[in-house]
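As structure tokens, the structure follows; a few thoughts come after it.
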Amino acid sequence: SLRVAILLSGGGSNMVKLVESMTGDHPARPVLVMSNDPAAGGLDRARALGVPVAAVDHKPFRGDRPAFEEALNGPLAEAAPDIVCLAGFMRVLTAGFVSRWQGRMLNIHPSLLPKYRGLHTHARAIEAGETEAGCTVHEVTPELDEGPILGQARVPVLAGDTPDVLAARVLAREHELYPAVLERFARGNRAPLHLP
Ligand code: GAR
């Protein structure tokens, strides 16, 4: 079966859903969960799920992204993944790093791309008066939050929503979307999946 590595920076709820989805006749299996934050809650959750973990703290690299990525690529290359899933990984990756994994690296982003690339997506969507928000899984290319869209799920923006309330509504859909897209991708299906 195909080998999947998952990169995260935080609590790792998407990672848990991805790992839990890879059972039965799933074409892939988790081989590594890695973080740029050694204290990320997602690492404990991965350990509890029996998935090997690694951490490469970005802080000692003091903004030297190529050096950080060289260190990051060590355990990653050793795990020899066929697919790399960014799941709440909050470091911008250079074109050099992306090109090593291009065509094999997915990301989930909490907006309906191409709208609201970058940070604070929910606050910006509310501020703009959007009536709809959502999440996108896409292939990672060198431009931030660009690359072919592999799937989207939509939610309404409701009167009185705060960014946190909207984020929780979107996150619940991320948990459906990402495992569905990963399984399709692992089976070679790159046609965009549109969940309601
Ligand atoms: C998710 O909402 C994900 O879409 C977002 O971070 C959260 C991670 O939650 N990713 C980004 O903002 C990427 N720029 P999780 O750690 O519980 O999966």
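Hydrogens, waters and symmetry mates are skipped; everything else that's a heavy atom, side chains included, is used. Along the sequence shown, residues are numbered consecutively beginning with 1. Atoms within a ligand are numbered from 1 in the order they appear, just like the ligands themselves.
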Salt-bridge present (Glu176, Arg173; N to O < 4.0 Å) = yes
key: Carboxylate-amine/guanidinium contact Glu146 Arg117, below 4.0 Å   = yes
inquiry  = Checking Ser9 against Asn36: is there a side-chain donor and acceptor pair closer than 3.5 Å?
reply    = yes
task = Answer yes or no: is there an ion pair linking Arg100 with Glu70, defined by an N-O contact shorter than 4.0 Å?
result = yes
query = Would His175 and Ser13 count as having a side-chain donor-acceptor pair, cut-off 3.5 Å?
reply = yes
inquiry  = Angle between ring planes, Phe89 versus Phe68, binned at 30° and 60°: parallel, tilted or perpendicular?
reply    = parallel
Under a 3.5 Å threshold, I'd like every N/O contact between ligand 1 and protein atoms, with atom names and distance.
{"from": "ligand 1", "atom 1": "2 (O)", "to": "Glu174", "atom 2": "OE1", "distance (Å)": "3.2"}
{"from": "ligand 1", "atom 1": "2 (O)", "to": "Glu174", "atom 2": "OE2", "distance (Å)": "2.9"}
{"from": "ligand 1", "atom 1": "4 (O)", "to": "Glu174", "atom 2": "OE1", "distance (Å)": "2.7"}
{"from": "ligand 1", "atom 1": "4 (O)", "to": "Glu174", "atom 2": "OE2", "distance (Å)": "3.3"}
{"from": "ligand 1", "atom 1": "16 (O)", "to": "Gly12", "atom 2": "N", "distance (Å)": "2.8"}
{"from": "ligand 1", "atom 1": "17 (O)", "to": "Ser13", "atom 2": "N", "distance (Å)": "2.9"}
{"from": "ligand 1", "atom 1": "17 (O)", "to": "Ser13", "atom 2": "OG", "distance (Å)": "2.6"}
{"from": "ligand 1", "atom 1": "18 (O)", "to": "Ser13", "atom 2": "N", "distance (Å)": "3.4"}
{"from": "ligand 1", "atom 1": "18 (O)", "to": "Asn14", "atom 2": "N", "distance (Å)": "2.9"}
{"from": "ligand 1", "atom 1": "18 (O)", "to": "Asn14", "atom 2": "ND2", "distance (Å)": "3.0"}

